[in-house]
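Each chain gets a letter, A, B and so on, in the order the sequences are listed, and its residues count up from 1. Just so it is clear, the values below take in all heavy atoms, side chains as well, and ignore hydrogens, waters and symmetry mates. The structure presented is a predicted model; accordingly, all values stated were derived computationally and were not measured.
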Amino acid sequence: MAKKFKNKTLAWLDYRLPIFSVLREALVDHPTPRNLNYWWNFGSLAGIILVIMIVSGLLLSMHYVAHVDLAFDSVEHIMRDVNYGWLIRYIHSVGASMFFLIVYIHISRGLYYGSYKSPREVLWWLGIIIFLLMIAAAFLGYTLPWGQMSFWGATVITNLFSAIPLVGDSIVTWLWGGFSVDNPTLNRFYSLHFLIPFIIVGVVFLHIVALHKFGSNNPTGIDLTLKQEKIPFHPYYTIKDFFGFGVFFIIFGIFIFFLPNSLGHPVNYIPADPLVTPEHIVPEWYFLPFYAILRAIPFKLLGVLAMLGSILILFVLPWLDTCKVRSCRFRPIYKQFYWIFIFNFIVLGWVGSKVPEGHYLIISRICTAYYFVHFLIILPVLGMFEKTLPVPLNIFKNPRVKKKYK
Amino acid sequence: MINKNKIFKLKKDRRSFLKLTTTSMATIGSAFAVWPFIDSMNPSADVLALGIKEFDLSNIEEGFSKTFKWRGKPIFIKHRTKQEINEARKVNLSKLKDPQKDEDRVIKPEWLIVVGVCSHLGCIPLGQKKSDTRGDFNGWFCPCHGSHYDTSGRVRKGPAPKNLKVPKYKFINENKIKIG
């Protein structure tokens, strides 16, 4: 690590403040598995979209006014009067969707290849913490335009806390700073929405520190011990990540320029009205699976607990999955359950967008039950009974790696 | 061996060419992407729309001035007396810090219209009210760092480097001007 820099000024500075050698270690020399596939691009993609969200958000904050009488109009002011305001706002709103899409894929990658297993449990935890912070930031941010969906979304979600026995109502009043969602609520939501991204940056930093301790997992899921199994991060993975950025920016651009409102709800272009609830309240698409779990259970407190539990259960996943083999490649039965789980999650999202009545309610209950069965029963039991395929000693013995690497 | 080296060199050249083109494309692309973010901090359409304003001159008597607000700044409109006009016109241009003829600073000699912001560090010079001190040249005096302006709004003394700015304006009719 203590490599000397050719540039004398740099060497002098680095000797006293070793950020350059730390950065070089992390972004240039860091030995990375040579067999990573494109699913490993989503970490860096999440990083770039976080930066884009912070920059676009910062510029929006220069024009936005957090006041119940002015918030909606200030957003329209951004859309019509501010130079490229429409672009920056669409980057920010579509960006939120893209951020969740990327992170969902990133988490799914971890689930498929067993990236959460020892010794990467803390890395996994930090990831879940980032996910929870993202949920908070997205919810708070959605309130700010002060449209109908903003207002009633804020009302419904803050009312979740009223499910807490005894102190629930006092907590909700405290959250609101009043007796309903109103100006004090909007002000604090804006303040917190500004704060959370920087907390995310901090946790991302820890996430990367934890990642670099043992290095990336890889598609085979085995621990890499040979020197030849790894390649320096730069230029091999920098260029691959940049290529990923390019592909992502195309998709991002299509949404920003051609389908900017396709992921949102038109109702939110009606200014907030505390006296009229819109006919059909639904969160943004990325919350739908959890929303479905909330509604599947007919008891208030239990519903809230189930929804929270569906995310918090991920914290104990490294111990619920008792199988020592990480990657799905060598777990033929788990692989099938994995895809059933993914399908189940998508179905949850789909019923989450429907009115919870009739067969939609039945489907949402089945899917909710299965969600928990997957973690609490299938995973522990599979670890005991599944016959895994022979795991190679190194990545070169993996039949999927082409011969030329030898 | 020589052959091998040649291939190596070719590959190296090709790689550095690709590196150069990729990096330059990425740089140009990022520059384009950054522009909307920078431009968003420029005046927005509603601010620019406030940039054009009409002012009525009919109730400013000879020898008096009035201050209006335009783009957040004071506009000094001075109805000059014959004496003030003469004072402004007989000055030897070579004595001025920022030489400019009085004729070039007005459309009608009796109406002097300037932006009332001192060219030193942006304070508003005194001299609009009859009771104000007007400096050594009977025009305006900036209280911040002591710049003196004459009856044509030209700097004559003090740290200010430039004359008071004349905004773009035109007479719509006898008694009305449009600034912006």
Inset, instruction - Tell me yes or no: between the side chains of B:Gln128 and B:Thr67, is some donor less than 3.5 Å from an acceptor? - result: yes
Inset, instruction - Would you tell me whether B:Arg105 and B:Gln100 have side-chain atoms, one donor and one acceptor, within less than 3.5 Å of each other? - result: yes
Does [X], at its [atom1] atom, have more than 12 non-hydrogen atoms belonging to other residues, nucleotides or ligands within less than 6.0 Å?
| X | atom1 | result |
| --- | --- | --- |
| A:Tyr269 | OH | yes |
| A:Trp39 | CH2 | no |
| B:Lys108 | NZ | yes |

Taking NZ, NE, NH1 and NH2 as the nitrogens, is one of them in [X] or [Y] under 4.0 Å from a carboxylate oxygen of the other?
| X | Y | result |
| --- | --- | --- |
| A:Arg24 | A:Asp14 | no |
| B:Asp98 | B:Lys162 | no |
| B:Glu84 | B:Arg134 | yes |

Inset, instruction - Return the orientation label for the A:Phe194 and A:Phe198 ring planes: parallel under 30°, perpendicular over 60°, tilted otherwise. - result: parallel
Inset, instruction - Could you tell me whether the SG atom of B:Cys144 lies less than 2.5 angstrom from the SG atom of B:Cys123? - result: yes
Legend entry - chain A contact residues among residues 163-180 of chain B, heavy-atom distance under 4.5 Å: none
Inset, instruction - Please list, in residue-number order, every residue in residues 13-45 of chain B that has a heavy atom less than 4.5 Å from any heavy atom of chain A; write 'none' if there are none. - result: B:Trp35, B:Pro36, B:Phe37, B:Asp39, B:Ser40, B:Met41, B:Asn42, B:Pro43, B:Ser44, B:Ala45
Inset, instruction - Counting only heavy atoms closer than 4.5 Å, note whether A:Ile91 contacts chain B via side chain, backbone, both or neither. - result: side chain
